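First the proteins, then the strands, lettered A, B, ... as listed; each starts at 1. Just so we're clear, the structure is a prediction, and the values are computed from it rather than from any experiment.
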There are 2 protein chains.
Amino acid sequence: MKSYGQFCGVARALEMVGERWALLIVRDLLVGPKRYTDLKTGLPRIPTNVLATRLKELEAAGVVVRRVLPRPAGSVVYELTEFGQELEGIVLALGRWGAQRLGAFGEGEIATADSLIMALRSTFDPDAVAGRSATYELRFGDVVISAQIENGELATDAGSTGKADLVIEAFGPLTPLLAGEITAAEVVAQGNVQLSAMDDRSAAKKLAGLEDFAAIFPIRPLPAAS
Amino acid sequence: MKSYGQFCGVARALEMVGERWALLIVRDLLVGPKRYTDLKTGLPRIPTNVLATRLKELEAAGVVVRRVLPRPAGSVVYELTEFGQELEGIVLALGRWGAQRLGAFGEGEIATADSLIMALRSTFDPDAVAGRSATYELRFGDVVISAQIENGELATDAGSTGKADLVIEAFGPLTPLLAGEITAAEVVAQGNVQLSAMDDRSAAKKLAGLEDFAAIFPIRPLPAAS
DNA sequence: CTGGATCCCTCACGATACTG
DNA sequence: CAGTATCGTGAGGGATCCAG
């Protein structure tokens with residue numbers, strides 16, 4: 001834990017969560033408490049010793065607590081402290097900022113349930129909901145998450161609920177759609193998205209549902225370099 | 001520039017600005033464009049090769065642009081792109097978060113004009129101003145900055161303006177005062193702060209001015225570990 | 001003087017294997 | 001499941017040197 005030698009809040013923050021992998025661990029823990037192995041599964045490229053080291057450092061910084069679950073579970077979970085929870089806004093803002101440069105799905109890159117959940121949370125625009133309710137199921141390869149919108153609030157969950165109004169299966173990048181660069185019809189025509197619904201609604205209705213989705217979870221297009 | 005292998009905005013963001021020193025460079029550039037040597041002075045502990053590497057990486061990521069000033073200056077400055085400017089909220093939030101753990105001025109630690117300016121900007125609470133106007137001068141060792149508050153807006157500047165309503169010279173940590181843990185009178189009594197004013201206002205008025213200052217630039221006390 | 005490039009050394013990170 | 005142990009590599013730290 002090397003100091004930056006500056007008496008400065010930003011420097012202190014970076015000493016606590018600025019090291020490699022640290023904020024990605026926080027990102028996953030923002031979704032909920034996790035066991036060591038769950039963290040490792042959600043962050044496949046992290047070396048196990050680095051994960052162990054980061055968890056100790058985050059614990060020492062008061063960001064994370066290691067807790068042994070009461071009987072009969074008896075397992076170990078890591079969860080954010082209240083102090084650690086305060087990072088949520090920062091992580092969401094970083095996610096929004098970085099999403100502008102997401103580009104295409106790189107080779108060897110993966111999407112995890114937690115990263116998708118945080119992506120939805122970070123781009124969620126309550127103003128775009130306008131009192132509607134909706135339940136979406138999002139499929140990215142074998143990762144499936146659900147998003148439920150009610151009373152202008154977003155609830156996310158890993159896995160399928162089995163009763164989404166609209167199931168959005170993505171085969172390619174959704175970012176052009178979310179950035180408003182192309183329409184729902186276009187992204188479907190490109191074969192990057194396939195829609196299905198529990199009820200047998202028409203294709204036009206499903207497209208409209210996808211347009212709604214894009215409006216609720218918008219990302220900003222990249223500004224021109226200044 | 002190693003990838004985290006995740007198709008995720010947070011991961012992308014960390015690939016761009018997550019490496020050591022990167023966000024501190026951004027912090028200084030948020031104050032204004034800077035020359036290589038200015039950056040090096042503001043970040044005394046950064047190795048010169050790391051600064052050069054980071055600047056190239058940030059430029060490649062579109063966060064920073066290297067610009068040669070027009071004649072007759074002809075010097076090189078680095079400045080944030082529009083995209084880089086968008087990090088302001090994140091850096092300020094990180095500063096607020098980290099300020100809770102600032103503690104005492106560590107040995108070997110320094111405060112720079114830029115870090116103080118960003119600290120003021122990050123803790124500035126427009127609601128606490130309530131229409132007042134004020135000009136402060138802050139002295140931390142040999143670092144001097146000025147803050148001018150007008151129309152609910154904050155303007156900061158390195159160096160002295162020479163006509164501050166209140167000059168606050170700090171010899172010890174101000175954080176307990178800003179966190180509301182002690183009063184202005186107490187921090188002055190402890191010898192951690194010395195006040196002076198252009199006009200010869202009374203000690204009580206100066207103390208009241210310091211209380212105002214603490215209300216305008218509040219930091220939150222540390223929450224108990226959950 | 002500014003704006004770096006170069007060298008060397010160390011330690012953190014990454015990959016893999018292994019254990020209570 | 002929840003880590004520790006080991007080891008190679010490359011990035012960071014620190015000093016020095018160089019061109020404009």
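The 5' end of DNA chain D is approached more closely, in terms of each residue's nearest nucleotide, by L55(A) than by the other of L55(A) and Y4(A).
The CG atom of D38(B) sits 13 Å away from the C1' atom of dC1(C) (whole-angstrom rounding). Computed from coordinates, the W21(B) CH2 to dG14(D) C1' distance equals 12 Å when rounded to whole Å. In this entry the distance linking NZ of K40(A) with P of dT16(C) reads 11 Å, nearest Å. In this structure, the OH atom of Y36(B) is 14 Å from the C1' atom of dA19(D), given to the nearest Å. dG14(C) atom C1' lies 7 Å from atom NZ of K2(B), rounded to whole Å. The CD atom of E19(B) sits 8 Å away from the C1' atom of dA11(D) (whole-angstrom rounding). For the pair L43(B) CG and dG12(D) P, the computed distance is 14 Å after rounding to whole Å. Rounded to whole angstrom, the span from the CG atom of L51(B) across to the C1' atom of dG13(D) amounts to 13 Å.
At dA5(C), one or more side-chain N or O atoms of K56(B) fall inside 4.0 Å of OP1 or OP2 (strictly under the cut-off). For the pair R20(A) and dG14(C), the criterion of a side-chain N or O lying under 4.0 Å from OP1 or OP2 is met. Y78(A) has a side-chain polar atom (N or O) that falls below the 4.0 Å cut-off from OP1 or OP2 of dG3(D). For the pair S75(A) and dC1(D), the criterion of a side-chain N or O lying under 4.0 Å from OP1 or OP2 is not met. Contact annotation: R35(B) side-chain N/O to dC1(C) OP1/OP2 distance is not under 4.0 Å. Using a 4.0 Å cut-off, some side-chain N or O of R66(B) falls inside it from OP1 or OP2 of dG4(C).
T53(A) comes within contact range of no nucleotide atom at all, as no heavy-atom separation falls under 4.0 Å.
Looking at the side chain of V76(B), the nearest of the listed nucleotides dT4(D), dG3(C), dA2(D) is dG3(C). The listed nucleotides are dG13(D), dG3(D), dG3(C); the one nearest the side chain of T37(B) is dG3(C).
In this structure, R12(A) pairs ionically with E109(B), as a charged nitrogen and a carboxylate oxygen lie closer than 4.0 Å. Salt-bridge check for K56(A) with E59(A): failed, with every basic side-chain N at 4.0 Å or more from each acidic carboxylate O.
Neither side chain, S115(B) nor Q6(A), offers a donor N or O lying under 3.5 Å from an acceptor on the other. There is no side-chain donor-acceptor pair under 3.5 Å between E153(A) and Q148(A).
Taking only distance into account, the side chain of N49(B) meets the base of dG14(D) through a donor-acceptor pair shorter than 3.5 Å.
For the pair V167(A)/L195(A), no side-chain contact is recorded, criterion being any heavy-atom separation below 4.5 Å from C-beta on.
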